[in-house]
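Structure record follows, encoded as C-alpha cells.
So you know, we letter chains A, B, ... as the sequences are listed, proteins then strands, and number each from 1.
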Amino acid sequence: MAIPYNRRTHKCGELRAAHVGQKVRLAGWVDSYRDHGGMAFIDLRDYTGITQVRFNPEGNAAALELARSLRAEDVIVIEGTVVSRGTNINPRIPTGEIEVIGEALDLLSKAEPPPFEISDRTDASEELRLKHRYLDLRRPVMQRVFRMRHVIAKTIRDYFDANGFVEIETPFLTKSTPEGARDYLVPSRVRQGSFYALPQSPQIFKQLFMVAGFDRYAQIVRCFRDEDLRADRQPEFTQLDMEMSFVQADDVMTMVEGCAKAIFKNALGIDMTTPLPRMTYQEAMDRFGIDRPDTRFGLELQDVTDLVRGVEFAPFKEAAGSGGVIKCIVASGGEALTRKVTDGLTEEIKGIGGVGVPIVKVAAGDAGPTFATGIAKHLEPLAAAICARTGAKPGDTIFFMPGTYDEVCKYLHHVRTRLAEILKLIPENRWDLLWVVDFPLMTYDPDEKRWFSTHHPFTAPMDEDIPLLDTEPNKARSKAYDLVLNGTEMAGGSIRIHQRDVQARVFNLLGISDEEAQLKFSFLLDGLKYGAPPHGGIAFGLDRWVMMLAKMPSLRDVVAFPKTQRAVCLLTGAPTPVAAKQLDELALISKAPPA
RNA sequence: GGGGCCGUAGCUCAAUUGGUUAGAGUACCGGACUGUCAAUCCGGUGGUUGCGGGUUCGAAUCCCGUCGGCCUCGCCA
C-alpha cells in the first residue's frame, strides 16, 4: 500500500533526540546514499535540512533492496521510527543525534544524474547553474537567500502597512519618457507604429497618488532599464517605491530608518541604532571621493594642494596651476605594498582613464621623516610638512593624485577601495549605514554642454537655494537623500517639486522647453495644477538589500531567474526571434539578419 | 563601443609549452561490504579539446575569424 506522502509528520530538519521512539513519515530528495550491502544509509533532504535514514533487514528487507538502488535527487517518502544514534552521532548536522529506521519506502520520482552536485560546495560554473536554475535553487544556500528575500519583502510590506501606507499597483505598459535610462519598448498592435515603455520606475504615478490624496503609498514593484549589465545591475529589478504627503526630508528619512531597522532585525537579528548618521555630499566627496562612502575603514583623502603647489613635478604643477587639486591617501602596513602591487594600482588607474598614482614611502631620518622611492626626489624638502599634515609615519606609503577635483575623487576612491582590500582593512560583520544629504540639484555635462538633474527633474531645490537657480545653478542644493550601506547605495529619494512655477524653472535649466515639457510630462504638470500637497519619497533597491544582507557577490545570486551580461536568460533562451506573423500583426519589420 | 580573464569526459581540472594512444578526481554502470557521515575497496563505460578556417610532416597547444560566460570603462535622470 502506497505511503501517503501528503501526510508528512515532520520536515527533514526537525527531528531531535526528544523525538526518539516516534513513528514518523518524511519526504524529500536523496542527498547522498551509502550502501553497505546488508545495510544502507540515505540522507534525506528538504528545505529544512537533512535526516539520515537507515535501512536494514530488521526494519524492512524489501525497503532495503529499494533503498540500495536510490541515487542522488530521487524523490522518496519514507516511514520509520526515530532512534538515537548512540555513539555514532554526526555533529555536523542539527539532526545528527538521531536517525530514522526505514520501515517503508516509496520512490515517488526517479531522477537522472544531475549535471552538477546539488550542494553548497558545488563547483559548477555559474553558466551551468543558470541553465539548470531549478537545480541550483535546490541548493541549501540558495534556499536561504530566497527565504531571506521573502523575509525582507514581508518586513517592508508589514512595516509600511503598519504606518498607514497603501499599496497600489502602477502600469507596466506606460509612456516612454525622454531622460534617464534607455526604455524597454512594447509595440502596440491596436495602434500600429506606437509603443509602450516598461517603467524605469513608477516615479510620476506615485506623485499622482499624492495629488489624488492617498497621503501615503508604498509598492514593491518591478522596474526595467535597457542598459548594459554588471554584477550589481540587472535589466529588470525590484524596488520598494514609496511616497508621503505633507512631509519634509526629515520625515521621510525617519520613516525609512524605521524600515531599515526592522529589516536588519528580521533578516539578521541585528539591532541597528537610529537615528542614522548623516553626511553632506560635499563632505563625502572631500573625505572619500565618492557620494556613497564606505566608512568601515580609514584611508581618507587628504588635501595637500597648498603644500605641494610649488613642487617641480609636472603633474602637480599643472593641477595646482589650473584650479585643480592634489590629494593623497596614507596607508600603513607597507609590507604588503610591494612594487608589483603599487604598479598594479597604476595600471588599474590607467584602465579607468587616469594616468597613474605617484607614491612615496616614508622612512625615519635623523632630522625627522624622509621620503623614498616613487616621486620622493620631488617632495623630499616637504617630507616633514606633508607628514605633519597627513599624520604619515615611517613605514607608511603615501599615494598622491593630482588633477581636477572630479578626477582626483574618482581615482583616489578607486585607490582607497583597492587598498582596503589589499591591506584587508574591511571588518567582517560590520554594517555602516548612513545618509548622504545636500546633493547638488544639477551637474553640468561639459561634453553635452548642458545641465543634468543629479537625482531626477522633479526633485525640489532647497528653499534658500531657489534664488541660485538664476545665478549659480551649480551651487543649488536639493532636498535629496541617499541611504548608503558599506559603500553601496541602497535607497535614494527626495522631496518633490509641488509648485508648477519652480518645476518650470528647473525644466528650463535642464533645457526642456515648456512645449516639450507639456508634451512629455503633461500628465504630471496638469496634476500639479489641481492642488498638489507637498510630498516626497524614496525607492529602495530590494535586490541590492538582499545581496548585501546575504553577502552574495552578485545580483544574479538573489534573483530567481536572472539574465547574463548579454541580457539573456540561459534557462528559457529569451530573447528569441518571433514568427513573421507576430511581426506582421504589429506592423514591424526586423532589420537584423535571420538568427 | 573599449580593456581584461576564460572555454578539454556529465561536472571540476591536467596535458613537461608543437610530438605520436588527451589523463586525474568526481559522477555514472557492474561487483564486494551491517555503522556510514561527500562511506570504502575492486573493475568498467565515457572525448567533434566551443565552432569555422589557416600554418605545419604533425595542433588542445601557434595565427585569423566567430559563438558563449565572467569582470570592468563608457552607459545606468
Side-chain angles (χ1 to χ4, degrees), chain A residues 31-43 50-59 64 68-69 71-73 83 85-93 95-96 99 101 111-132 135 177-183 200-201 203-204 223-235 237 347-354 410 414 439 441-443 445 447 450-459 478 480 489 492 494 506-507 510 512 521 539 541 553-554 556 563-566 568 570 573 595:
Chain A
D31 192 67
S32 67
Y33 65 95
R34 293 178 291 280
D35 179 3
H36 288 239
M39 177 169 80
F41 298 97
I42 297 295
D43 285 348
I50 286 176
T51 297
Q52 173 168 290
V53 185
R54 170 158 58 111
F55 292 92
N56 60 21
E58 295 76 38
L64 170 63
R68 293 187 62 205
S69 74
R71 293 295 178 269
E73 306 313 317
V83 299
R85 288 214 207 173
T87 56
N88 294 313
I89 65 166
N90 181 355
R92 294 173 58 191
I93 56 175
T95 60
E99 64 188 344
I101 303 291
E112 286 186 18
F116 55 90
E117 185 186 357
I118 310 304
S119 146
D120 285 357
R121 62 173 180 282
T122 191
D123 52 7
S125 67
E126 186 177 18
E127 192 175 354
L128 191 73
R129 289 168 43 209
L130 290 181
K131 191 172 174 182
H132 304 275
L135 295 179
T177 49
E179 299 205 37
R182 189 178 295 112
D183 284 322
Q200 296 178 28
S201 85
Q203 179 61 35
I204 292 176
C223 302
F224 306 86
R225 296 179 188 175
D226 186 4
E227 296 292 348
D228 285 354
L229 285 76
R230 289 285 189 285
D232 62 350
R233 266 171 26 200
Q234 282 278 303
F237 58 98
E347 284 309 307
E348 288 178 30
I349 296 301
K350 285 179 183 168
I352 60 174
K410 177 182 174 185
H414 182 89
F439 282 83
L441 184 67
M442 290 180 272
T443 44
D445 183 331
D447 293 333
R450 69 183 194 89
W451 295 94
F452 280 88
S453 294
T454 306
H455 188 52
H456 61 56
F458 317 113
T459 300
S478 71
E489 183 188 330
S494 63
V506 170
F507 277 154
L510 295 173
I512 302 173
F521 300 116
S554 163
R556 293 184 297 276
K563 307 283 190 287
T564 67
Q565 194 162 58
R566 293 186 63 247
V568 168
L570 292 179

C1'-based separation of G46(B) from A9(B) [nearest Å]: 6 Å
Between C33(B) and G43(B) - C1' atom distance, rounded Å: 16 Å
Check whether any side-chain nitrogen or oxygen of Arg71(A) sits under 4.0 Å from OP1 or OP2 of C29(B), and answer yes or no.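 Answer is yes, contact under 4.0 Å.
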Which heavy atom in Phe116(A) sits nearest to a heavy atom in Thr122(A), and how many Å separate them? CD1-OG1, 3.8 Å
Per the atom types in the model, does the base of [N] pair as donor or acceptor with the side chain of [X] at under 3.5 Å?
| X | N | result |
| --- | --- | --- |
| Arg233(A) | C75(B) | yes |
| Arg85(A) | C37(B) | yes |
| Glu99(A) | G35(B) | yes |
| Glu117(A) | U26(B) | no |

Using modelled atom types and a 3.5 Å cut-off, is there a donor and acceptor pairing between side-chain atoms of [X] and backbone atoms of [Y]?
| X | Y | value |
| --- | --- | --- |
| Ser32(A) | Asp43(A) | no |
| Glu73(A) | Pro114(A) | no |
| Gln234(A) | Lys563(A) | yes |
| Lys410(A) | Gly353(A) | no |
| Arg450(A) | Leu510(A) | yes |

On the six-membered ring of Tyr33(A), is Arg71(A) placed so that its NZ or CZ lies under 6.0 angstrom from the centre and within 45° of the ring axis? yes
Can you tabulate the close N/O pairs, meaning under 3.5 Å, that link protein atoms to atoms of nucleotides 68-73 of chain B?
{"from": "G68(B)", "atom 1": "OP1", "to": "Arg566(A)", "atom 2": "NH1", "distance (Å)": "2.9"}
{"from": "G68(B)", "atom 1": "OP2", "to": "Arg566(A)", "atom 2": "NH1", "distance (Å)": "3.4"}
{"from": "G68(B)", "atom 1": "O2'", "to": "Glu127(A)", "atom 2": "OE2", "distance (Å)": "2.8"}
{"from": "G69(B)", "atom 1": "OP1", "to": "Thr564(A)", "atom 2": "OG1", "distance (Å)": "3.0"}
{"from": "G69(B)", "atom 1": "O4'", "to": "Glu127(A)", "atom 2": "OE1", "distance (Å)": "3.3"}
{"from": "C70(B)", "atom 1": "OP1", "to": "Gln565(A)", "atom 2": "N", "distance (Å)": "3.2"}
{"from": "C70(B)", "atom 1": "OP2", "to": "Gln565(A)", "atom 2": "N", "distance (Å)": "2.9"}
{"from": "C70(B)", "atom 1": "O3'", "to": "Arg556(A)", "atom 2": "NH2", "distance (Å)": "3.0"}
{"from": "C71(B)", "atom 1": "OP1", "to": "Arg556(A)", "atom 2": "NH1", "distance (Å)": "3.3"}
{"from": "C71(B)", "atom 1": "OP1", "to": "Arg556(A)", "atom 2": "NH2", "distance (Å)": "2.8"}
{"from": "C71(B)", "atom 1": "OP2", "to": "Arg556(A)", "atom 2": "NH1", "distance (Å)": "3.4"}
{"from": "U72(B)", "atom 1": "OP2", "to": "Ala231(A)", "atom 2": "N", "distance (Å)": "3.4"}
{"from": "U72(B)", "atom 1": "O4", "to": "Gln565(A)", "atom 2": "NE2", "distance (Å)": "3.4"}
{"from": "C73(B)", "atom 1": "OP2", "to": "Arg230(A)", "atom 2": "NE", "distance (Å)": "3.2"}

What I want to find out is whether Arg233(A) reaches Asp228(A) closely enough, with some N-O distance under 4.0 Å, to be called a salt bridge. no
Which atom pairs link the protein and nucleotides 5-10 of chain B when you take only N or O atoms and keep those under 3.5 Å?
none

